[in-house]
Amino acid sequence: MKKISNYFLKCIASFSLLLLVACDEDVPVENTNALNPEIFFESLSQVESAVNASYNQFQTIYQRVGYVFPDAMSDEVVSSGDPNFAPYNRFEFNATLDNIALYWTACYNGVGACNFVIGNEERMRTNSATSDFTNEDIDNALGQAYFLRALYYYHLVKRFGGVPLKLDLATAIDDEPRATTEQVYGQIIADLQLSTQLSLSKGVTEVGRVTKEAAFGLLGKIYLHREMYSEAQQAFRNVVNHNLLPLDQYRDNFSESGEHNDESMFEIGYNGEVGTEQERWAQTGIGTSEVTFHSQDYTGWANARPSSKVISEFEDDDPRLDVAILIDSDNTYGPGDAFQFPCSGCVGGPVWYKFSQLYDEQNISENSGVNTRILRYADIILMQAEVEMNLGNNTAAVGFLNQIRDRAEMPRYGTATMDARGFPVNTSDQIFRAIVHERFVELCGEQVRFDDLVRWNLDDQELSVFPDENFNNPDPSLQVVRNYDPAVHRVMPIPQNEIDSNTQIGPGDQNTGY
């Protein structure tokens with residue numbers, strides 16, 4: 001199996017979404033073509049089909065908006081003016097934008113599919129006595145569903161703050177009020193704790209599925225974002241069976257041919273197949289949801305170019321720059337520098353190289369099959385460095401940072417070379433500065449920078465101004481004031497159609513400033 005999405009497509013042709021819980025009045029709350037749960041879960045294939053449906057909405061999310069929102073709002077992307085990017089890059093978005101409603105709806109559709117699995121545990125346990133699946137199969141199904149539900153809610157809470165918690169099949173279509181941010185995070189942690197107990201380990205389960213290691217990794221990330229450092233430390237210690245790729249394989253973290261490697265912990269699968277024109281824009285987990293526009297948006301159309309700020313953050317001898325970004329001065333690219341830049345299908349640089357189809361010597365096309373990497377081991381290591389620093393274990397923190405430096409074949413922190421480059425690590429403040437630097441370059445274009453800046457309370461400082469990077473007449477010496485307000489823009493507005501249709505959420509429940 002090349003990709004999990006290929007496998008899923010076969011399993012869910014008639015079972016794409018079992019239950020839709022979006023509050024968008026234009027979206028049905030129940031799929032009348034779905035199989036009745038009272039006569040379902042009677043075979044292993046049916047259990048797997050239900051689990052497979054829980055993955056689908058991430059394909060809808062990361063077709064575009066999943067990477068647009070956090071990257072465009074960060075300081076590492078400059079928008080071309082495309083309406084999918086510009087409002088978020090300029091902080092001019094509002095509650096009526098279609099992309100915000102689509103994101104909200106897709107997340108809740110995914111939650112509904114997860115709830116269908118979780119809510120039928122008793123039925124599965126009962127049926128296992130006379131069926132072809134075991135209690136271990138049920139545990140694994142539940143472990144995946146709990147992880148995915150936690151991940152959907154993580155996407156919701158990061159972008160909107162407190163949101164309605166829908167956890168019970170019996171009340172799935174009922175209107176619910178906004179839960180608090182703390183309540184949402186509490187549910188995410190509870191779900192991930194169950195996933196760590198129920199999911200199978202990497203190498204035991206099918207490639208592309210949720211693993212025990214991924215559950216511990218995401219749990220540690222949640223603990224870090226909640227400043228629960230001891231809990232994060234313990235969770236990260238349970239992340240095993242993963243390794244950093246050597247530098248000569250580093251590009252495999254971002255290519256189609258390198259998917260599901262030892263550094264990758266969880267991916268959203270795409271296969272590049274569009275389907276019929278009717279399926280193309282249906283946003284139901286099939287059709288265009290089998291492709292992502294990431295390669296075209298970032299490299300071909302260049303709707304989201306890398307900022308001069310992120311380019312200048314790389315040290316002069318950092319080999320990761322050539323893997324992450326294509327610059328005009330780089331006349332060649334690809335394995336053995338065999339290809340001429342600009343490439344066929346893409347504009348002149350600088351443009352993103354990461355997650356483009358160019359890694360596999362393909363021309364840029366609108367429909368990409370490159371998987372979205374949600375969590376990779378390099379991120380885990382850098383989060384471990386941050387946890388150890390916050391626990392006062394500075395030596396351990398530097399050690400984790402140097403694992404990333406060693407892989408990049410770069411000078412280590414704590415050496416005279418790095419001291420001379422302005423990155424000594426003799427104090428916690430200096431180690432923190434090194435962490436900020438290393439996360440910026442290692443994880444650029446991977447949807448983490450905006451949330452990092454918010455977590456560090458550096459968002460106002462870093463996001464309020466931008467160098468002038470007008471595509472037609474750039475003058476990087478000038479500063480452009482963005483509309484960023486940390487009291488408003490750390491979250492996006494609750495979609496207007498949710499406020500209009502949910503009897504438990506009114507205008508007074510809207511996020512501040514919207």
Side-chain angles (χ1 to χ4, degrees), residues 21-27 61 64-75 77 79 83-111 150-167 174-188 222 225-227 447-464 481-514:
V21 298
C23 295
D24 183 347
E25 61 186 1
D26 295 324
V27 178
I61 291 168
R64 176 170 273 177
V65 293
Y67 58 81
V68 169
F69 291 167
D71 283 355
M73 291 190 294
S74 76
D75 55 353
V77 160
S79 170
N84 289 291
F85 288 83
Y88 308 99
N89 201 232
R90 300 168 186 165
F91 297 100
E92 296 173 348
F93 43 84
N94 60 68
T96 66
L97 292 181
D98 291 342
N99 279 346
I100 294 178
L102 183 152
Y103 185 92
W104 176 280
T105 297
C107 285
Y108 275 107
N109 286 347
V111 168
L151 188 56
Y152 284 117
Y153 272 120
Y154 177 70
H155 279 61
L156 285 164
V157 76
K158 273 298 176 186
R159 300 286 77 87
F160 301 104
V163 296
L165 281 173
K166 289 183 171 288
L167 308 171
D174 294 346
D175 289 344
E176 295 289 341
R178 293 185 68 178
T180 66
T181 297
E182 289 298 327
Q183 288 171 328
V184 177
Y185 273 113
Q187 186 61 51
I188 291 171
I222 301 301
H225 281 251
R226 305 312 293 159
E227 300 183 0
Q447 297 82 60
V448 300
R449 173 71 172 174
F450 178 80
D451 294 330
D452 281 350
L453 292 175
V454 170
R455 182 172 78 257
W456 298 326
N457 289 312
L458 295 177
D459 49 320
D460 191 22
Q461 168 186 313
E462 299 297 327
L463 300 179
S464 297
V481 177
R482 301 171 88 187
N483 297 312
Y484 186 74
D485 181 349
V488 175
H489 296 122
R490 286 185 169 186
V491 292
M492 299 191 304
I494 302 298
Q496 188 61 45
N497 57 4
E498 176 71 11
I499 292 176
D500 292 343
S501 61
N502 187 336
T503 60
Q504 298 298 310
I505 298 179
D509 298 308
Q510 180 59 276
N511 285 326
T512 301
Y514 299 108

(request) Report the distance from atom OH of Y103 to atom NE2 of H155, rounding to the nearest 0.5 Å. (result) 4.5 Å
(message) Taking D75's backbone N and O only, do any of them form a donor-acceptor pair with R449's side chain (distance below 3.5 Å, no angle check)?
(response) no
(request) Answer yes or no: are there more than 12 heavy-atom neighbours, outside D98 itself, under 6.0 Å from its atom CG? (result) no
(request) Identify the heavy atoms of P486 and D459 that sit nearest to each other, and give their distance. (result) CB-OD2, 3.6 Å
(message) Taking Y185's backbone N and O only, do any of them form a donor-acceptor pair with R226's side chain (distance below 3.5 Å, no angle check)?
(response) no
(request) Find out whether V68 and N99 are in side-chain contact, i.e. whether some heavy atom of one side chain is under 4.5 Å from a heavy atom of the other. (result) no
(message) Using every non-hydrogen atom in the two residues, find where P70 and V65 come nearest and quote the distance to one decimal.
(response) CD-O, 4.3 Å
(request) Quick one: do D509 and I494 satisfy side-chain contact (heavy atoms from CB on, under 4.5 Å)? Show the steps, please. (result) CA-CA 9 Å; D509 298 308; I494 302 298; over 6 Å; no
(request) Find out whether F450 and K158 are in side-chain contact, i.e. whether some heavy atom of one side chain is under 4.5 Å from a heavy atom of the other. (result) no
(request) Report the C-alpha separation of D451 and R159 in whole Å, then their side-chain angles, then the decisive distance to 0.1 Å, and conclude whether the salt bridge (charged side-chain N to carboxylate O under 4.0 Å, His left out) test is met. (result) CA-CA 9 Å; D451 294 330; R159 300 286 77 87; 2.6 Å; yes
(request) Work out which heavy atom in I61 is nearest to a heavy atom in C107; give both atom names and the distance. (result) CD1-SG, 3.7 Å
(request) Please report the closest heavy-atom contact between L165 and Q183, naming both atoms and the distance. (result) CD1-O, 4.0 Å
(request) Report yes or no: does D175 contribute a side-chain atom to a donor-acceptor pair with the main-chain N or O of T503 at less than 3.5 Å? (result) yes
(message) Rounded at 0.5 Å granularity, tell me how far CG in D174 sits from CG in N502.
(response) 10.0 Å
(message) Quick check for you: to the nearest 0.5 Å, what is the distance between L463 atom CG and D485 atom CG?
(response) 11.5 Å
(request) Give the C-alpha distance, both sets of side-chain angles, the deciding distance and a yes or no for side-chain contact (heavy atoms from CB on, under 4.5 Å) between W104 and N497. (result) CA-CA 10 Å; W104 176 280; N497 57 4; 5.8 Å; no
(request) Report yes or no: do N511 and R490 form a side-chain donor-acceptor pair below 3.5 Å? (result) no
(message) One thing to verify: whether D452 and R455 come together as a salt bridge, which I'm taking to mean a side-chain N less than 4.0 angstrom from a carboxylate O.
(response) yes
(request) Taking all heavy atoms of E498 and all of P164, pick out the closest pair and write down the distance. (result) OE2-CG, 4.4 Å
(message) Ignoring hydrogens, what is the shortest heavy-atom contact between Y153 and V184? Give both atom names and the distance.
(response) O-CG1, 4.2 Å
(message) Tell me whether the rings of F85 and Y67 are parallel (<30°), tilted (30 to 60°) or perpendicular (>60°).
(response) tilted
(request) Go through the side-chain N and O atoms of S464 and D460 and say whether any donor and acceptor fall under 3.5 Å apart. (result) yes
(request) Measure the OG-CD distance between S74 and E462 for me, rounded to the nearest 0.5 Å. (result) 11.0 Å
(message) Would you call the rings of F91 and H489 parallel, tilted or perpendicular, taking 30° and 60° as the class edges?
(response) tilted
(message) Strictly distance-based, threshold 3.5 Å: is any side-chain N or O of N89 a donor or acceptor partner for the main-chain N or O of V77?
(response) yes
(message) Could you measure the distance from the CZ atom of R482 to the CE atom of M73? Nearest 0.5 Å is fine.
(response) 9.5 Å
(request) List for me each residue that meets side-chain contact (heavy atoms from CB on, under 4.5 Å) alongside P493, sequence neighbours excluded, and say none if there are none. (result) F93, A95, I100, Q510, Y514
